[in-house]
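Remarks on the structure that follows.
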Amino acid sequence: MKKLIAIILSIAMLVPVVLVPTFAETAKQPEVTTADSLECAFAEGENSLVVFVTGIGQSYSYLFDESYTQEGAFEKGTLQDYENYAPLIAEGKYLSRWNLFNSFDEVFNDKGTILNIVAAVLELLTSAVLGVNIIDQNKVDKIVRDLFHFNIVGEDGNGDPRVVTPRYAMPVSEFPYATLEDGRVESEAKNRFYSSIPCKEIAREKFGENFEDYLYVFNFNAFSYTSKNVAAMHEFVEKILKENKVGAKDIVLVPMSMGASIVTAYMDAYPTVAENHIRRVVSIVGAWDGSDVVADMLAGDFCDESADLFYNGIIGNLIGEPWGYLINIVLRIFPKDILRGFIDMALQGIATELLCATPSLCNLIPTDRYDGVKHLIKSKVVKAEADAFQAAKKKLDNTMSALEKEGVTFSFISGYGLPFGAITSDYTAFGFMKSAPTTNSDEIINIDSTAPGTSYVAPGEEFEDTKGRELSPDGSIDISTTYRKESSWFFYKQKHELEYNNVAIALALELATGHVKTVEDCDDPKEDEYYFPQFNGARNLRDYQRYNLPDLERYCAETGYELTADQQAVLDAADKAAANPICDPEVDQPYFDAVEAMMVEIGVYTAEEEPGFGDKALNFILKGANDLVHAVVGPKGFIDLIKG
């Protein structure tokens with residue numbers, strides 16, 4: 001049953017949900033610093049606060065036991081107050097956490113929800129037998145509301161009182177922590193930050209040992225009201241500027257992905273520097289105009305190959321070998337029209353009861369697609385919020401231009417060269433969407449959203465008319481139309497999780513501190529102090545940074561193992577590749593792979609075992625059966641074949 005839910009969710013998913021492991025640090029008291037004792041890291045000689053405005057992947061929500069919502073649970077206030085939830089989160093006294101869709105553990109313990117799901121499955125099976133869809137849309141809508149109970153937000157802008165999305169109006173250096181029994185200090189808040197935005201060493205190099213005093217994070221629930229987020233952000237900014245340690249009087253905003261929507265609304269509500277205190281905006285794959293993935297899903301627009309993908313691609317990729325092949329075959333008991341009808345109803349339920357009932361998610365609808373899907377928004381309150389945000393997006397360029405006249409600068413870091421769902425298995429379902437074959441993106445967000453104004457053709461294609469264009473090396477994007485091309489950088493075939501590209505993060509911090517302001521400041525490796533080519537390649541240091549290096553260090557510390565000269569050379573070569581400002585996965589990746597192979601040789605990791613004869617045979621049989629059925633039946637059900 002959970003597999004079926006997972007399949008439905010994968011089609012509706014806006015961004016991947018990734019849970020990451022925590023780490024522990026040795027207890028250490030931070031040094032007391034004052035603004036006067038700090039050497040300024042900013043080019044102009046005046047400090048600012050660097051505020052990351054997170055995307056869905058970086059903001060976590062926590063579910064607590066209902067006892068914490070009872071009257072008298074706290075001496076003062078409620079679970080939603082910082083002084084109450086902060087120690088509970090630090091001590092791990094929560095039931096579950098998520099960064100997009102809520103945990104289903106509690107949902108699947110509810111008998112009513114289970115019975116509704118079973119009833120819907122039986123209706124689907126009956127529909128297959130009768131050849132007529134008898135599934136009730138109201139029942140599907142009810143299942144959606146039950147499954148996503150902890151995501152749903154009311155018209156008052158409040159969600160379930162048991163759910164907390166923490167907001168830390170303090171520098172990262174002061175994030176709450178708990179002391180474990182073995183004496184180590186564990187900070188859940190800090191763990192989430194560095195796991196999602198791995199900037200620790202780069203920031204240390206840029207700002208010095210007190211680097212965390214400069215770093216702030218504005219979190220928000222993915223399911224929320226934009227107006228409340230903007231009001232909270234204004235309060236957040238006023239507070240941190242009043243209380244900061246580095247003498248800062250303004251902020252540098254670093255919106256990531258969905259965070260760009262919050263910044264858009266914030267600048268619209270507070271359009272002058274006197275009100276918003278903005279010095280610079282450095283966008284990292286910001287969704288300034290949403291994504292066609294969202295609009296396609298809401299409109300029910302699927303690509304021409306969607307049936308073939310569903311019967312012989314998407315499900316197999318999600319579930320994996322060999323059972324994905326079996327699921328492909330089993331799905332064919334449903335006629336194509338019945339199965340498509342069920343998927344449409346599930347998507348309609350998710351659209352109307354979840355996505356279009358939430359202003360923050362409505363923000364992800366591109367401006368030119370909004371009129372075609374706004375009828376799905378049932379609530380007048382949500383509709384008013386969505387209309388207001390679309391109006392803010394339409395005048396975004398003017399808003400930026402007005403702030404530029406006051407000295408604010410805007411920079412954009414983007415990925416391009418990929419169709420929707422091209423590489424990552426979590427995003428495979430995005431390949432269903434009508435825009436998938438023609439959109440130039442980072443797998444999730446169009447390049448004209450992350451770098452506003454950029455023109456493009458489909459990945460793998462080139463502009464035929466090149467006159468007057470400024471083309472990328474692959475010829476698929478034209479930056480002559482990019483609104484701020486002199487301060488925009490592009491990473492070819494870079495997945496949306498661009499934060500694991502250390503060159504992109506380093507560039508973002510140089511932009512934040514003003515040492516780099518335009519492409520001309522960093523496009524000559526011989527003449528410029530910093531080198532960041534405007535067009536670069538992809539890099540993903542996720543495994544190398546998050547797992548390989550910490551695991552190797554831990555193993556050596558625990559066992560006393562010392563690397564040989566040859567092994568140290570392997571590690572040094574990988575570090576050198578990571579330090580190269582020119583990203584080329586074909587050149588870089590072999591060095592990182594060599595480190596992992598060395599760790600297997602040392603004994604840090606165990607080599608993956610070859611599948612046994614039985615597993616190989618099962619995979620061979622099921623794949624063969626799947627290929628045969630697909631060749632004979634095609635992208636439809638068995639009954640469709642019989643009917644001719």
Side-chain angles (χ1 to χ4, degrees), residues 256-257 282-288 291-293 411-424 427 430-431 435-464 466 469-508 510-511 516 518-519 522-525 530-542 544 577-593:
M256 306 181 74
S257 190
V282 180
S283 171
I284 301 179
V285 294
W288 294 98
S291 172
D292 279 324
V293 161
S411 308
F412 302 86
I413 301 173
S414 306
Y416 77 102
L418 296 172
F420 290 144
I423 298 177
T424 311
Y427 309 155
F430 295 165
S435 301
T438 58
T439 295
N440 200 313
S441 75
D442 58 13
E443 280 200 291
I444 297 179
I445 303 178
N446 328 13
I447 183 61
D448 59 343
S449 180
T450 56
T454 303
S455 302
Y456 63 85
V457 293
E461 297 182 8
E462 298 182 19
F463 280 93
E464 294 181 2
T466 60
R469 299 188 185 277
E470 298 177 43
L471 300 177
S472 58
D474 73 315
S476 70
I477 66 171
D478 172 20
I479 67 170
S480 68
T481 57
T482 303
Y483 293 160
R484 287 158 181 82
K485 66 180 180 181
E486 71 282 351
S487 57
S488 296
W489 285 261
F490 306 87
F491 290 80
Y492 180 58
K493 290 192 174 180
Q494 178 66 54
K495 298 188 297 181
H496 188 65
E497 288 82 2
L498 195 144
E499 63 266 20
Y500 275 100
N501 184 319
N502 63 326
V503 174
I505 291 293
L507 170 60
E510 297 300 346
L511 289 165
V516 171
T518 68
V519 174
C522 60
D523 61 351
D524 189 331
Y530 305 95
Y531 179 51
F532 297 102
Q534 185 168 33
F535 292 100
N536 213 330
R539 179 172 290 168
N540 186 350
L541 297 179
R542 181 177 182 271
Y544 183 65
N580 189 348
I582 300 176
C583 304
D584 184 341
E586 292 186 4
V587 174
D588 300 342
Q589 195 58 43
Y591 292 104
F592 307 134
D593 292 342

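For reference, positions follow the sequence shown, starting with 1.
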**OP:** With rounding to the nearest 0.5 Å, note down the distance linking CZ in Phe463 to OH in Tyr456.
**Re:** 9.5 Å

Original post:
Could you state the interatomic distance from CZ (Phe535) to CD1 (Ile479), rounded to the nearest 0.5 Å?
Top reply: 4.0 Å

Subject >> Heavy-atom pair with the smallest gap, counting every atom of Pro581 and Pro533 >> reply: O-CD, 4.3 Å

Original post:
Using the benzene-type ring in the case of Trp, are the ring centres of Tyr492 and Tyr416 under 6.0 Å apart?
Top reply: yes

**OP:** Using the test salt bridge (Lys or Arg N to Asp or Glu O under 4.0 Å), find all partners of Asp292 that sit at least two apart in sequence or belong to another chain.
**Re:** Arg369

**OP:** Could you tell me which non-hydrogen atom of Leu507 sits nearest to which non-hydrogen atom of Trp489, and how far apart they are?
**Re:** CD2-CG, 3.5 Å

Subject >> Ser476 OG to Lys493 NZ distance, which is reported to the nearest 0.5 Å >> reply: 9.5 Å

Original post:
Between Glu443 and Phe430, what is the shortest heavy-atom contact and its length?
Top reply: O-CD1, 3.6 Å

**OP:** To the nearest 0.5 Å, tell me how far His496 NE2 sits from Ser291 OG.
**Re:** 9.0 Å

**OP:** If a pair satisfies salt bridge (Lys or Arg N to Asp or Glu O under 4.0 Å) and one of its residues is in residues 470-483, list it, with sequence neighbours excluded.
**Re:** Arg469-Asp478, Glu470-Lys485

Please output the side-chain donor-acceptor pairs of residues 586-593 that fall under 3.5 Å, not counting sequence neighbours, one pair per line with the distance.
residue	atom	partner	partner atom	Å
Asp588	OD2	Arg539	NE	3.2
Asp588	OD2	Arg539	NH2	2.9
Asp588	OD2	Asp584	N	3.3
Gln589	NE2	Asp593	OD1	3.0

Subject >> Close side-chain approach of Trp288 to Phe412, heavy-atom, < 4.5 Å >> reply: yes

Subject >> Heavy-atom pair of closest approach, residues Ser455 and Thr481 >> reply: OG-OG1, 2.7 Å

Subject >> Contact summary for Ser441 and Ile444, nearest pair of heavy atoms >> reply: OG-N, 4.0 Å

Original post:
What are the two closest non-hydrogen atoms of Cys583 and Ala538, and how far apart are they?
Top reply: CB-O, 3.6 Å

**OP:** For a side-chain contact (heavy atoms from CB on, under 4.5 Å) with Ile413, tell me which candidate from Val285, Thr450, Leu498 qualifies.
**Re:** Leu498

